[in-house]
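Working notes, beginning with the structure itself.
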Amino acid sequence: MGELEQALDSARGAIPMAKALSCARSVEFVQAFADRLEPYSNTVAVREFRDHLRIELAV
């Protein structure tokens, strides 16, 4: 597993924890991570992560 995939796995695991915290900054950190993935936006893993993030953070 490459570094990108490891980072995405770690971030995916952080999403439920970020949602559970009452601090909006925790969600902002996960969203900022997703924004920094732009150079890799053409990879399937990043597209899947962003889709997952969008679903998880939908209000």
Side-chain angles (χ1 to χ4, degrees):
M1 186 181 279
E3 290 180 21
L4 177 61
E5 288 83 7
Q6 289 175 339
L8 293 172
D9 285 344
S10 295
R12 189 180 296 260
I15 294 170
M17 291 180 275
K19 285 175 43 178
L21 295 173
S22 60
C23 177
R25 287 187 72 192
S26 59
V27 173
E28 290 173 6
F29 288 139
V30 176
Q31 289 174 325
F33 171 77
D35 292 342
R36 289 192 304 271
L37 295 171
E38 190 57 36
Y40 311 100
S41 62
N42 61 338
T43 65
V44 172
V46 170
R47 288 193 307 263
E48 289 174 350
F49 173 77
R50 286 181 168 173
D51 289 343
H52 177 73
L53 182 62
R54 200 172 5 263
I55 290 167
E56 288 295 313
L57 298 183
V59 179

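Heavy atoms only: backbone and side chains are in, while hydrogens, waters and symmetry mates are out. All residue numbers refer to positions in the sequence shown, counting from 1.
Take D51 and apply the side-chain hydrogen bond (donor to acceptor under 3.5 Å, both in side chains) test, not counting sequence neighbours, and it matches R54. Partners of R50 according to the side-chain hydrogen bond (donor to acceptor under 3.5 Å, both in side chains) rule, which considers only residues two or more places apart in sequence or in another chain, are E38. Residues satisfying the side-chain hydrogen bond (donor to acceptor under 3.5 Å, both in side chains) test with R36, not counting sequence neighbours, are none. For E56, the side-chain hydrogen bond (donor to acceptor under 3.5 Å, both in side chains) criterion is met by K19, not counting sequence neighbours. In this structure S10 satisfies the side chain to side chain contact (heavy atoms under 4.5 Å, CB included) test with no other residue, sequence neighbours excluded.
Among all heavy-atom pairs drawn from V46 and L8, the shortest one is N-CD1, 4.0 Å. Taking each heavy atom of A18 and S26 in turn, the nearest pair found is O-OG, 3.1 Å.
Here the straight-line distance linking atom CD1 of I15 with atom CG of L53 works out to 4.5 Å at 0.5 Å rounding.
The ring pair (Phe, Tyr, Trp, His ring centres under 6.0 Å) analysis of residues 12-49, with sequence neighbours excluded, yields the pairs F33-F49.
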**Request:** Assess whether side-chain contact (heavy atoms from CB on, under 4.5 Å) is satisfied between L21 and V27, documenting all intermediate values.
**Result:** CA-CA 9 Å; L21 295 173; V27 173; over 6 Å; no
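Side-chain contact between L37 and T43: absent, with no pair of heavy atoms (C-beta onward) separated by less than 4.5 Å.
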